[in-house]
Novice: 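Would you mind keeping the following structure in view while I ask a few things?
These values consider heavy atoms only, across backbone and side chains, with no hydrogens, waters or symmetry-generated copies. One-based numbering, in listed order, for ligands and for the atoms of each.
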Amino acid sequence: MPFRSIHRSVADRAAELPDATLFELPGGRSVTYAETIELTQRIAARLVADGVMPGDRVAMQVGKSWEAIALYLAVLRIGGMFLPLNTAYTGHEMDHFLSDAEPRVLVCSPERCDEYTSRAGALVVETLGTQGDGTLLDGRECYADTYDATPSDPAAILYTSGTTGRSKGAVLTHENLASNCATLTEAWRFTGADRLIHALPIFHTHGLFVAMNLVMTTGASALYLPKFDLDAVVGLLPRATVLMGVPTFYTRLAADPRVDRDRVASMRLFVSGSAPLLASDHAAFAERTGHAILERYGMTETNMNTSNPYEGLRKPGTVGPALPGIDVRVVDRESGAPLPDGEIGSIEVRGPNVFAGYWKLPEKTAAEFRDDGFFITGDVGRIDEDGYIVIVGRDKDLVISGGFNVYPREIEELIDAHPDVLESAVVGVPHPDFGETVVAVVVPASGATPDGASILRYIAPELARFKQPRAVEIVEALPRNVMGKVQKAELRKRYAGLFA
Ligand code: MCA
Ligand code: AMP
């Protein structure tokens, strides 16, 4: 089949089904495929007028709206690189993304316009609100040429993994997005008859590429919520066919007495990913609804790698076998030698889903790939007797809270700058709602007696709320091994019961 990029596939669906509903918004308003493409063209023209050329970055930090998806499609259409950013990021956090990615245009919410305009320099600042407002929508021009993207052209940068130093921009190509979308469409039997409850944010792979690309390229509809709201999701279940969510969604749904077999009678698929789904949550949800949640495994750098089967056994505690066309192996971390099935090692991935490299970081990119093209995920696991992958841990220092990644180093650096702090270690501990949550373990500077609250106040202005520790433990010294390395596993064990 000739290569069809995401935005061309969506335009194809719009030509076939102009009046079909793409977005169903709270309050009952529907937005058709034709309307979405019309707005995409207007935004594309506006961005071209702003000077965006193929290869230029267009950053977006806005509240969730259907117009933001039109912006995403517009950037792809003109050959730009789409850079979505979490709305929770503070100005301090945004500095890094803006200086590293050097976007031509930043689309921000109207409320934050002044903050960015005052330091803009060469950056063009546009605004987009959640009520159909903002300068981005002002343009009268409604035509921009469609860039003929090749499979290897970059389509997006998503920032991830700041384990050492700052966050790195993972560059994803048009082929990465299109191939994974086609693979998942087939694997999960997605069709134009589907109605997906969309309650995820749209600045990550899960909500943007997995959920929206599948909906838009198949002619399906999104029951589109501004965020996860338990009542709203429960209310939509009787009219939906698919839900995609992080484990926290399912923990909350499984605890809600309104969720039962009758309520989910029209549902055909519940997908979970971005963080481990506890086998107990899998069982509780099955008990309540009769549905086995389909767990899959992905990364920002790779899109989706493995999935439990649509038909066949969905095994709790596993993320299923490799998706078709994708190679997944488990190797010895040091030597890179493949391990026999059953043995625990480093998970590596190769396929058309795997990203092109880290933005402006060729050495870091090279360090994460083997010579034979496998990408080292940093996840640790094994392959079971049925060829299913079991993730048992992570080689990387990372906490996943409610599906959001938190990099301990970033928080430790901020805490360590406090004048009353000698050093700190940040770890993730089990949390009943978020899966894991962030705990800071702090050693005071000599003679100082800082309290947890003052440390939290000190770091708060710099750090998105979801990264802020939910507990600060003051200790005399951090546990270290003979090499002097802080033993985070020991700290995780020590504080495992804090929220349990
Ligand atoms: C909100 N808060 C959080 C989180 N979310 N704190 C820690 N971790 C979080 N994830 C804060 C709020 O700011 C608030 O703080 C307090 O917690 C309670 O807010 P609440 O209303 O309960 O939060 P929520 O709005 O219900 O959010 C929980 C959530 C949300 C629905 C789980 O975090 C979410 O939508 N997560 C999905 C993330 C995601 O899409 N991940 C995919 C990326 P306070 O009250 O103190 O102000 S990973 C990916 O894409 C890979 C490739 C993959 O495999 O999918
Ligand atoms: P990110 O790069 O931000 O998308 O985070 C990707 C990481 O999330 C992976 O490397 C895993 O550590 C984790 N992850 C994603 N899906 C799952 C899953 N189903 N089970 C366990 N961990 C997961």
Novice: Do any nitrogen or oxygen atoms of T248 lie less than 3.5 angstrom from nitrogen or oxygen atoms of ligand 1?
Specialist: no
Novice: Examine F434 against ligand 1 and note whether any of their N/O atoms are separated by less than 3.5 Å.
Specialist: no
Novice: Using a 4.0 Å cut-off to any heavy atom of L200, which atoms of ligand 1 qualify?
Specialist: 40 (O)
Novice: Who's the nearest protein heavy-atom neighbour of atom 6 (C) of ligand 2, and how far?
Specialist: G298 O, 3.6 Å
Novice: What do you think, any protein heavy atom under 4.0 angstrom from atom 9 (C) of ligand 1?
Specialist: yes
Novice: Tell me whether ligand 1 is touched by P201 - counting only heavy atoms on the residue side and a distance under 4.0 Å.
Specialist: yes
Novice: For E368, is there an ion pair with K364 - N to carboxylate O distance below 4.0 angstrom?
Specialist: no
Novice: Under 3.5 Å between some N or O of ligand 1 and some N or O of D433?
Specialist: no
Novice: Among D100, N405, T300, whose side chain to side chain donor-acceptor pair (under 3.5 Å) with Y159 holds?
Specialist: D100
Novice: Do the side chains of D231 and R258 get close enough for a salt bridge, i.e. N-O under 4.0 angstrom?
Specialist: yes
Novice: Where is the nearest protein heavy atom to atom 12 (O) of ligand 2: which residue, which atom, and how far?
Specialist: D379 OD1, 2.6 Å
Novice: Under 3.5 Å, side chain of R350 to main-chain N/O of D372, donor-acceptor pair present?
Specialist: yes
Novice: Counting heavy atoms only, name the option from Q468, H204, R470 that's nearest to atom 11 (C) of ligand 1.
Specialist: R470
Novice: Indicate yes or no for a side-chain donor-acceptor contact from H92 to the backbone of L463 under 3.5 Å, with no hydrogens or angles considered.
Specialist: no
Novice: Just which atoms of ligand 1 are under 4.0 Å from any heavy atom in R465?
Specialist: 13 (O), 15 (O), 44 (P), 46 (O), 47 (O)
Novice: Who's the nearest protein heavy-atom neighbour of atom 41 (N) of ligand 1, and how far?
Specialist: G403 O, 2.9 Å
Novice: Heavy-atom contacts under 4.0 Å between T300 and ligand 2: side chain, backbone, both, or neither?
Specialist: both
Novice: Out of all atoms in ligand 1, which are within 4.0 Å of some heavy atom of M299? Include the element for each.
Specialist: 52 (C)
Novice: Please list, in number order, the atoms of ligand 2 under 4.0 Å from a heavy atom of T160.
Specialist: 2 (O)
Novice: Students should be able to answer this: which protein heavy-atom is nearest to atom 25 (O) of ligand 1, and at what distance?
Specialist: K227 NZ, 2.8 Å
Novice: What atoms in ligand 2 come closer than 4.0 Å to a heavy atom of R394?
Specialist: 12 (O)
Novice: Using a 4.0 Å cutoff against the non-hydrogen atoms of M299, which atoms of ligand 2 qualify?
Specialist: 4 (O), 6 (C), 9 (C), 10 (O)
Novice: When you check the side-chain N and O atoms of H418 and R457, is any donor under 3.5 Å from an acceptor?
Specialist: no
Novice: Under 4.0 angstrom from ligand 2, any heavy atom of R296?
Specialist: yes
Novice: Between H198 and G207, is there a donor-acceptor pair closer than 3.5 Å when you use the side chain of the first and the backbone of the second?
Specialist: yes
Novice: Quick one: CZ on F285 to CZ on F249, what's the gap to the nearest 0.5 Å?
Specialist: 12.0 Å
Novice: Would you call E24 and R239 a salt bridge, using N to O less than 4.0 angstrom?
Specialist: yes
Novice: If we only consider heavy atoms of R296, is any one of them less than 4.0 Å away from an atom in ligand 1?
Specialist: yes
Novice: Could you list the atoms of ligand 2 found under 4.0 angstrom from a heavy atom of P276?
Specialist: 20 (N), 21 (C), 22 (N)
Novice: Could you tell me the separation between the CG atom of L83 and the CG atom of L158, rounded to the nearest 0.5 Å?
Specialist: 7.5 Å
Novice: Determine whether I6 and Y72 make a side-chain contact, defined as any pair of heavy atoms from C-beta on separated by less than 4.5 Å.
Specialist: yes
Novice: For ligand 1, indicate whether the residue H206 contacts it via side chain, backbone, both or neither (heavy-atom separation under 4.0 Å).
Specialist: both
Novice: Can you sort out which atoms of ligand 1 are near V246, meaning under 4.0 Å from one of its heavy atoms?
Specialist: 37 (C), 39 (C), 41 (N)
Novice: To check your reading of the model: name the closest protein heavy atom to atom 3 (O) of ligand 2, its residue, and the distance in Å.
Specialist: N405 ND2, 2.4 Å
Novice: Would you call K467 a ligand 1 contact, heavy-atom distance under 4.0 Å?
Specialist: no
Novice: Given 3.5 Å as the limit, does a donor-acceptor pair link the side chain of S65 with the main chain of A68, or not?
Specialist: yes
Novice: Please confirm whether R268 makes a cation-pi placement over F270, using NZ or CZ under 6.0 Å from the six-membered ring centre and within 45° of the ring normal.
Specialist: no
Novice: For atom 17 (C) of ligand 2, what is the closest protein heavy atom, and at what distance to 0.1 Å?
Specialist: A275 N, 3.6 Å
Novice: Please give me the minimum heavy-atom distance between H174 and S5, naming the atom from each residue.
Specialist: ND1-CB, 3.9 Å
Novice: When rounded to the nearest 0.5 angstrom, what distance separates CZ in F466 from OH in Y89?
Specialist: 5.0 Å
Novice: Could a heavy atom of K396 be found less than 4.0 Å from some atom of ligand 2?
Specialist: yes
Novice: Considering distance alone, does some N or O of Y297 sit under 3.5 Å from an N or O of ligand 1?
Specialist: no
Novice: Any atoms of ligand 1 less than 4.0 Å from a non-hydrogen atom of F466? List them with their elements.
Specialist: 3 (C), 4 (C), 6 (N), 7 (C), 8 (N), 9 (C)
Novice: Please confirm whether the backbone N or O of W359 pairs with a side-chain atom of K168, one donor and one acceptor, at under 3.5 Å?
Specialist: no
Novice: For atom 22 (O) of ligand 1, which candidate among R252, E436, M304 provides the closest heavy atom?
Specialist: R252
Novice: Which residue supplies the protein heavy atom nearest to atom 51 (C) of ligand 1, what is that atom called, and how far is it?
Specialist: S274 OG, 4.1 Å
Novice: Note the single closest protein heavy atom to atom 16 (N) of ligand 2, along with its residue, its atom name and the distance in Å.
Specialist: S274 N, 3.2 Å
Novice: For ligand 1, which atoms, with element, lie under 4.0 Å from some heavy atom of F228?
Specialist: 31 (C)
Novice: Within the 4.0 Å heavy-atom shell around V319, which atoms of ligand 2 are there?
Specialist: 18 (C), 19 (N), 20 (N)
Novice: For the OG1 atom of T377 and the NZ atom of K396, what is their distance to the nearest 0.5 Å?
Specialist: 5.5 Å
Novice: Distance under 4.0 Å to a non-hydrogen atom of T300: what atoms of ligand 1 satisfy this?
Specialist: 52 (C)
Novice: Is the number of heavy atoms from other residues, nucleotides or ligands within 6.0 Å of NZ (K360) greater than 12?
Specialist: yes
Novice: List every atom of ligand 2 that sits less than 4.0 Å from any heavy atom of E295, numbering the atoms from 1 in the order shown and giving each element.
Specialist: 18 (C), 19 (N), 20 (N)
Novice: Would you mind checking which non-hydrogen protein atom is closest to atom 33 (O) of ligand 1, with the distance to 0.1 Å?
Specialist: F404 CE1, 3.4 Å
Novice: In the protein, what heavy atom is nearest to atom 13 (C) of ligand 2, and what distance, to one decimal place, separates them?
Specialist: I400 CD1, 3.5 Å
Novice: Quick check against the 3.5 Å criterion: does D341 have a side-chain atom that pairs as donor or acceptor with the backbone of E385?
Specialist: no
Novice: Within the side chain of N213, is there an N or O that forms a donor-acceptor pair under 3.5 Å with the backbone of A178?
Specialist: no
Novice: Between I202 and Y224, does a side chain to side chain contact (heavy atoms under 4.5 Å, CB included) hold up when you go through it step by step?
Specialist: CA-CA 11 Å; I202 52 169; Y224 199 68; 3.8 Å; yes
Novice: N/O of G402 under 3.5 Å from N/O of ligand 1, yes or no?
Specialist: yes
Novice: Quick one: do R494 and E473 make a salt bridge, cutoff under 4.0 Å?
Specialist: no
Novice: Among all protein non-hydrogen atoms, which one is nearest to atom 7 (C) of ligand 1, and what is the separation to 0.1 Å?
Specialist: S401 OG, 3.0 Å
